[in-house]
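Quick notes on the structure that follows.
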2 protein chains.
Amino acid sequence: MRKHPILVGLGKRIRELRIERGWSQENFANECGLDRSYYGGVERGERNVAAINLAKVAEVLGVRVGDLFPD
Amino acid sequence: MRKHPILVGLGKRIRELRIERGWSQENFANECGLDRSYYGGVERGERNVAAINLAKVAEVLGVRVGDLFPD
DNA sequence: ATGTGACTTGAAGTCCGTT
DNA sequence: AAACGGACTTCAAGTCACA
């Protein structure tokens, strides 16, 4: 599987924000309209997630898409 | 899914930044390691570009990935 | 130099399950 | 609650010819 550093950083950041908000992966994934299995892979940095799904995640988290990427 | 507003906004922003730097689509795409035709589609909002390609574009533009998304 | 349509291939994304 | 797998279907990635 792929573990591109960009994706790992992205996954870690999203996970942080989700946990801050007290969501489970499963509930959060459902809220975003994503499959729980797929979403788990995103947090683990194994999925090269595309822009529209990034936008969905950012919206549910209540942040801008840019905030999903670590500096 | 094609011409999604998120993608159109993203493409416009990327185009702005590219033109500011005086690149042609073709030269810029090559610099990013992308095909010019594919890249053109990104600027037109016709491609749901994924995180790794966003990272390539941001790097060549010298901005953070978050800066590619309009507020 | 860019827009566009058509195309193939590999990965994105879904749906079920078990650990 | 989360990781992980199999078996799918859909779409992003990447390329080309032509306008």
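Please read these numbers as outputs of a predicted model, since none were measured by experiment. Within every chain, numbering begins at 1; the chains are lettered A, B, ... in the order of the sequence lines, protein sequences first and strands thereafter.
- Put simply, the side chain of Arg18(B) gets close to the backbone of Trp23(B): a donor and an acceptor are under 3.5 Å apart.
- Val8(B) and Leu17(B) fall into different hydrophobic clusters, where Ile, Leu, Val, Met, Phe, Trp and Tyr side chains are chained together by heavy-atom contacts under 4.5 Å.
- Annotation: Arg64(B), atom CZ; neighbour count of heavy atoms from other residues, nucleotides and ligands within 6.0 Å does not exceed 12.
- Rounding to whole angstrom units, CZ of residue Arg15(B) and P of dT2(C) are separated by 8 Å.
- If you take CD1 of Ile52(A) and C1' of dC11(D), they are 11 Å apart, rounded to a whole angstrom.
- Residues satisfying the side chain to side chain donor-acceptor pair (under 3.5 Å) test with Glu26(B), not counting sequence neighbours, are none.
- Put simply, CG on Asn53(A) and OH on Tyr38(A) are 4.5 Å apart, with the number rounded to the nearest 0.5 Å.
- When heavy atoms are screened at a 4.0 angstrom cut-off, Glu43(B) is found touching no nucleic acid atom at all.
- One interatomic measurement links the two molecules: CG of Asn30(A) to C1' of dC15(C), which rounds to 12 Å at whole-angstrom precision.
- Residue Asn53(B) places no side-chain N or O under 4.0 Å from the OP1 or OP2 atom of dA12(D).
- For Val49(A), whose side chain is taken as the heavy atoms from C-beta onward, the closest listed nucleotide among dG13(C), dT2(C), dC4(D) is dG13(C).
- In this structure, Asn48(A) contributes its side chain and Ile52(B) its backbone to a donor-acceptor pair below 3.5 Å.
- What separates CZ of Phe28(A) from P of dA1(D) is a distance of 15 Å, to the nearest Å.
- Checked for salt-bridge contact, Arg13(A) and Glu16(A) meet the test: a charged N lies under 4.0 Å from a carboxylate O.
- Atom CH2 of Trp23(A) is separated from atom P of dA2(D) by 13 Å (rounded to the nearest Å).
- From Gln25(A), atom CD reaches atom CD1 of Ile14(A) across 11.0 Å, with rounding to the nearest 0.5 Å.
- Atom OG of residue Ser24(A) and atom CD of residue Glu31(A) lie 10.5 Å apart, to the nearest 0.5 angstrom.
- Two residues, Glu46(B) and Asn27(B), neighbour DNA chain C, and the one matched to the more 5' nucleotide by heavy-atom proximity is Asn27(B).
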Check nucleotides 15-17 of chain D for protein N or O atoms closer than 3.5 Å to its own N or O atoms and list the pairs.
unit_1, atom_1, unit_2, atom_2, d
dC16(D), N4, Ser37(B), OG, 2.6

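- Of the two residues near DNA chain C, Ser24(B) and Ala50(B), the one whose nearest nucleotide lies more 5' is Ser24(B).
- For the OP1/OP2 pair of dA11(C) and a distance below 4.0 Å, the side-chain nitrogens and oxygens of Asn48(A) include no atom meeting the criterion.
- In this structure, the helix from dT2(C)-dA19(D) to dT19(C)-dA2(D) shows an angle of 50° between the axis at its start and the axis at its end, each fitted on 5 base pairs and rounded to 10°.
- Phosphate contact (OP1/OP2 of dT2(C), side-chain N/O of Arg18(B), threshold under 4.0 Å): present.
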